[in-house]
2 protein chains.
Amino acid sequence: MSDLIQKYIDAGLRLTDARRAILQALQSSDDHPDALMLHERAKAIDPTIAQATVYRTMRLLEEVGLVEKHDFGKGRARYEEAEKDQHDHLINLATGEIIEFQDEALEALKVAIARKLGFDLRDHRLELYGVPIK
Amino acid sequence: MSDLIQKYIDAGLRLTDARRAILQALQSSDDHPDALMLHERAKAIDPTIAQATVYRTMRLLEEVGLVEKHDFGKGRARYEEAEKDQHDHLINLATGEIIEFQDEALEALKVAIARKLGFDLRDHRLELYGVPIK
DNA sequence: GCAAATATGAGAATGATTTTCATGTGCAGA
DNA sequence: TCTGCACATGAAAATCATTCTCATATTTGC
């Protein structure tokens, strides 16, 4: 365990109590928490952590590529641990639930489309919004 | 001409001076303006229009399906007239330019993926971010 | 253990968007 | 055409997420 903290250390970043708690909070989340949810969860580990520190830490983690930040429509941005597997999201409009999926053909198509337009694909965002069938 | 105003009337909405000016401003834009750009352009037609009215009107137009709102990463949301042709966007990271594109295979794949997951696709968002090749 | 570099908490500041509220206006019907 | 009233407006205050400021506290290489 503690993969994330290890990766964090390997990235050569300074490890503090606040960051350790935030990393733990993130690692033990399987949903896609927002900054305030992470703040709550981190406070359960160390109650002195400030909201600003969560935002600062998430920005740092995003910059070094350890987490991915998603702006799903309105409201707060959601975070997730960066995984090696490339996936996109489907949002269940009935419940707000976020479902991850992966599709090889889709990934290939994105790259191909960008290339056809004369671009080198650097990033992308795909979200599907749907309601359960029947 | 005046397609948009006609569609607006057909939607059974109350037509006011402010809304007429905003609709004209939107119709004569071929970029993807944000609310403040639309406010500037609408003020050129009727200088008394308030920023709040632009925001209110854009929300109304979005609700009735006459415009599409896009949140590209940070900052202000961008708007465009709703078109019949389904297209996505590629953002040139070097210049910020927004390029529209359309791909049948991609559209079909989105629907197929949602269905495979047990969902009826209601909406989706795809943005590609790239840099010009060489 | 020390110093320099960097992180932190608390609250103020920012920026986009929405709301409030008192007043003004479009339009269905007489 | 006139009128009432439901709805729209301008201006400024309020919200919400996020970032910044700043004085103080921690981390880590030496």
Side-chain angles (χ1 to χ4, degrees), chain A residues 5-6 8-26 32-64 66-80 96, chain B residues 5-6 8-26 32-64 66-80 96:
Chain A
I5 290 181
Q6 191 54 55
Y8 178 89
I9 292 168
D10 293 348
L13 299 167
R14 183 177 291 197
L15 189 55
T16 65
D17 291 342
R19 290 182 183 175
R20 200 180 338 256
I22 293 166
L23 287 165
Q24 276 181 238
L26 178 62
H32 293 69
D34 61 40
L36 271 49
M37 293 162 80
L38 284 170
H39 184 211
E40 285 311 313
R41 294 172 193 181
K43 275 196 295 188
I45 301 170
D46 177 348
T48 70
I49 292 171
Q51 202 167 286
T53 299
V54 175
Y55 276 107
R56 275 188 286 236
T57 301
M58 295 319 288
R59 182 147 48 117
L60 173 68
L61 294 176
E62 197 203 351
E63 281 166 8
V64 300
L66 288 178
V67 313
E68 280 169 28
K69 178 184 181 182
H70 303 288
D71 290 301
F72 297 131
K74 279 290 93 223
R76 308 198 257 277
R78 316 287 291 264
Y79 298 92
E80 69 178 318
Chain B
I5 290 181
Q6 192 53 54
Y8 177 89
I9 292 168
D10 293 346
L13 299 167
R14 183 177 290 194
L15 189 56
T16 65
D17 291 343
R19 291 182 181 175
R20 200 181 338 257
I22 292 167
L23 288 165
Q24 275 181 239
L26 178 61
H32 293 70
D34 61 41
L36 272 48
M37 291 162 81
L38 284 169
H39 184 212
E40 285 311 313
R41 294 173 193 179
K43 275 197 295 188
I45 300 169
D46 177 347
T48 71
I49 292 171
Q51 202 167 283
T53 300
V54 176
Y55 277 107
R56 275 189 285 240
T57 301
M58 295 320 287
R59 181 147 47 117
L60 174 67
L61 295 176
E62 197 202 351
E63 281 165 8
V64 299
L66 288 177
V67 314
E68 281 170 29
K69 178 184 180 182
H70 303 288
D71 289 301
F72 297 131
K74 278 290 95 225
R76 308 198 257 276
R78 315 287 291 262
Y79 298 92
E80 69 178 318

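Letters go in sequence order (proteins before strands), and every chain restarts at 1. Predicted model only: the values in this text are computed from it and were never measured.
With salt bridges taken as basic N to acidic carboxylate O contacts below 4.0 Å, one links Lys43(A) and Glu40(A).
Judged by distance alone, with hydrogens and angles left aside, Arg14(A) brings no side-chain donor or acceptor close enough to the base of dT28(D) to form a pair under 3.5 Å.
Between the CG atom of Leu13(A) and the P atom of dT26(D) there is a distance of 20 Å, rounded to whole Å. Distance Leu60(A) CG to dT18(D) C1': 16 Å, rounded to the nearest Å. Going from atom CD of Gln51(A) over to atom P of dT21(D) covers 18 Å, rounded to whole Å. In this structure, Phe72(B) places its CZ atom 17 Å from P of dA16(C), rounding to the nearest Å. Taking atom CZ of residue Arg59(A) and atom C1' of nucleotide dT19(D), one finds them 6 Å apart after rounding to whole Å. Put simply, CZ on Arg19(A) is 11 Å from P on dT27(D), counting in whole angstrom units. The separation between Arg56(B) atom CZ and dA11(D) atom P is 11 Å, rounded to whole Å. Protein atom CE of Met58(A) is 16 Å distant from nucleotide atom P of dA7(C), rounded to whole Å.
Evaluated for a side chain to side chain contact (heavy atoms under 4.5 Å, CB included) with Tyr79(B), the options His32(B), Met58(B), Met37(B), Glu68(B) yield exactly one hit, Met58(B). Among Val54(A), Leu60(A), Ile49(A), the single residue meeting the side chain to side chain contact (heavy atoms under 4.5 Å, CB included) criterion with Arg19(A) is Leu60(A). For the side chain to side chain contact (heavy atoms under 4.5 Å, CB included) with Pro33(B), the lone residue among Arg78(B), Arg76(B), Arg41(B) that qualifies is Arg41(B).
Comparing Thr16(A) and Lys69(B), the nucleotide of DNA chain C nearest to each residue sits closer to the 5' end for Thr16(A). Heavy-atom distances to DNA chain C give each of Asp17(B) and Gly75(B) a nearest nucleotide, and the one nearer the 5′ end belongs to Gly75(B).
Looking at heavy-atom distances under 4.0 Å, Ala18(B) makes contact with sugar-phosphate atoms alone, never a base. Residue Leu36(A) is classed as having no contact, given no heavy-atom separation below 4.0 Å to the nucleic acid.
The shortest side-chain heavy-atom distance between Val67(B) and Leu26(B) falls under the 4.5 Å cut-off.
The side chain of Thr57(B) sits closest to dT9(D) out of dA16(C), dT9(D), dT18(C). Residue Tyr55(A) has its side chain nearest to dT19(D) when only dG9(C), dT19(D), dT18(C) are considered. Checking dG10(D), dA16(C), dT27(D) against the side-chain heavy atoms of Thr48(B) singles out dG10(D) as nearest.
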